[in-house]
Number of protein chains: 2
Amino acid sequence: MSQRKDGIEKRRLLLASACQVFAEKGYRAASVADICRRAGANVAAVNYYFGDKATLYAEAWQEAYGKYVGAELSEAEGLAPEEQLRLYVHFLIRNFTEQGSQGEFTRLYLMELANPTGLISDLWHKLIEPRRQILLNIIKKIMGATSSNEEVLFCEISIINQCRSLLTIRRSDLEYLMGQPLSPALIKRLADHIAGFSLAGIKAVAEKRSR
Amino acid sequence: MSQRKDGIEKRRLLLASACQVFAEKGYRAASVADICRRAGANVAAVNYYFGDKATLYAEAWQEAYGKYVGAELSEAEGLAPEEQLRLYVHFLIRNFTEQGSQGEFTRLYLMELANPTGLISDLWHKLIEPRRQILLNIIKKIMGATSSNEEVLFCEISIINQCRSLLTIRRSDLEYLMGQPLSPALIKRLADHIAGFSLAGIKAVAEKRSR
DNA sequence: ATAAAAATTAAATGCCCGTTTAAGATAAAA
DNA sequence: TTTTATCTTAAACGGGCATTTAATTTTTAT
């Protein structure tokens, strides 16, 4: 007998719930019971439909990636690389600032960076590497043709890590550091800052070599 | 009757072991059993000497801070702020790159940032805030007198987060990103990069305002 | 309607962990 | 040496968790 109609729906609910919970708490802190509760299912549902928590995690990644519109980035192809960098940073930060399922993939990604599980190393290449190449290419274009590989990688690390932190840090800690509540306007100013700060950083690295 | 001589020694061993394990794994991932094993003690030893894991964690922070020589930073007072920034970044990175107990405090600090426990919020002010002020002052000096508060804070966040990541990321992931094994020389080049990248970032923020 | 597969459920299982307990061993003070 | 407090130890406890089980209910196909 084939899969039942209500079964397909429950599986879908579980996957959506898993995306939410994993994106909010990360793999370890997310509990199977919590995921099931949000999906209105019994604790055994995850194991019935997915086998185990690890497999559900991997499927949640793929699901979140499906909903994730990375196209937005390649749209910017005609622009100057400096402007592309600005858009990239804003895109990263806006993604995990947003509430709905839109930012889930970015949150999953950054959660995995903060507390690696090693469960999605195969997906990593497939999903992350293309996105990574976009940033690397932008950096290369800004730096010029003679940029060394290491210089580009160092700049990538600098940029990614400035953005990463905004997720992994507790909201209250960031508000403490900033001395004010986090408004959307403040987030936007911070994104602008990171873009400008990084652009100058890249150019300085390039100039330092040419001297 | 007063504390026994062997008891004092065992307590000392436990504290040293706790510093190691907490610095390596963070609060959650560190297990009491592991800490006791390294100290050559029974599992009950932590509770006997410290009451519970949370208290041990707080004491480990203070212990690690005691061994931490922050004086190195204030030595640099006569230097140009650009050079002070370079030293600050190198100091941060070298600290948690180093093997022994030297880097433990920095590792504890960054682990807490990555996965906050909220257990040391009182120590936070006492221990972190002075060190934070050093960096803020360096940034202010580089930016000039008319720097806005927000600009300085944004730059602080940019710099701290570039350094933070080197701890929270898995060694193998960083090696994957870099495409080569992490040698001390590479770490040093990366520290140089972050210092130069950030210096340019700060100056760009200052100049953008003055325009 | 009936049979078979699919899905749901509560309860149980087993693991890891921090913590407690209670008895025994050890060192210090008398 | 004897006493007393300090320390050590193995075992047990209890909570949280992922996972399994086995019985029951619900849907689907014949």
Using a strict threshold of under 4.0 Å (side-chain N to carboxylate O), is an ion pair present between A:Arg4 and A:Glu9? no
Would you mind reading off the distance between A:Lys53 atom NZ and D:dT19 atom C1', rounded to a whole angstrom? 12 Å
If you look at every strand shown and take non-hydrogen atoms under 4.0 Å, does A:Ala44 touch a base, only sugar-phosphate, or nothing? base
In terms of the angle between their ring planes, are A:His193 and B:Phe154 parallel, tilted or perpendicular, with boundaries placed at 30° and 60°? tilted
Could you check whether B:Arg11 pairs with B:Glu59 (Lys NZ or Arg NE/NH1/NH2 to Asp/Glu carboxylate O, under 4.0 Å)? yes
Tell me which of A:Ala41 and B:Gly51 sits closer to the 5' end of DNA chain C, going by the nucleotide each one is nearest to. A:Ala41
Go through the steps for B:Asn115 and A:Asn115 under the test side chain to side chain donor-acceptor pair (under 3.5 Å), then give the verdict. CA-CA 9 Å; B:Asn115 293 91; A:Asn115 294 92; 3.1 Å; yes
For the residue pair B:Phe22 and B:Tyr57, does the interplanar ring angle fall in the parallel (under 30°), tilted (30 to 60°) or perpendicular (over 60°) class? perpendicular
Nearest to the side chain of A:Val32, heavy atoms from C-beta on, is which of C:dT19, D:dT19, C:dT8? D:dT19
Which nucleotide in the set C:dT9, D:dA11, D:dC7 lies at the smallest distance from any side-chain heavy atom of B:Val43? D:dA11
Which listed nucleotide (D:dT19, D:dC7, D:dC17) is nearest to the side chain of A:Ser31? D:dC17
Nucleotide nearest B:Asn47 when distance is taken to its side chain, options D:dA18, D:dT8, C:dT19: C:dT19
May I ask you to evaluate whether B:Asn42 reaches the phosphate of D:dC7, defined as a side-chain N or O under 4.0 Å from OP1 or OP2? no
Between A:Gln133 and A:Glu129, a side-chain donor and acceptor under 3.5 Å: yes
Using whole Å, report how far CZ of A:Phe50 lies from P of D:dT19. 13 Å
Using atom CG of A:Leu56 as one end and atom P of D:dC17 as the other, report the distance to the nearest whole Å. 16 Å
Heavy atoms only, 4.0 Å cut-off, all strands: where does B:Ala54 land among base, sugar-phosphate and nothing? nothing
Interatomic distance where OH belongs to B:Tyr49 and C1' belongs to D:dA5 [whole Å]: 13 Å
Mind calculating the distance between CG (A:Leu14) and C1' (C:dA6) to the nearest angstrom? 15 Å
Atom CZ of A:Arg28 and atom C1' of D:dA18 are separated, to the nearest Å, by 15 Å
At 4.0 Å (heavy atoms only), tell me whether A:Ala29 reaches a base, stays on the sugar-phosphate, or touches nothing. nothing
Could you encode protein contacts along nucleotides 25-30 of chain C as a string, one character per nucleotide from 5' to 3', using B for base contact, S for sugar-phosphate-only contact and - for no contact, with a heavy-atom cut-off of under 4.0 Å? -BSBS-
Can you tell me how far P of C:dG18 sits from CZ of B:Arg37, to the nearest Å? 11 Å
Rounded to whole angstroms, how far apart are CG on A:Asp52 and C1' on C:dG14? 16 Å
Does the ring centre of B:Phe105 sit less than 6.0 Å away from the ring centre of B:Trp61? yes
Of the options C:dT9, D:dT8, D:dT19, whose atoms approach the side-chain atoms of B:Tyr48 most closely? D:dT8
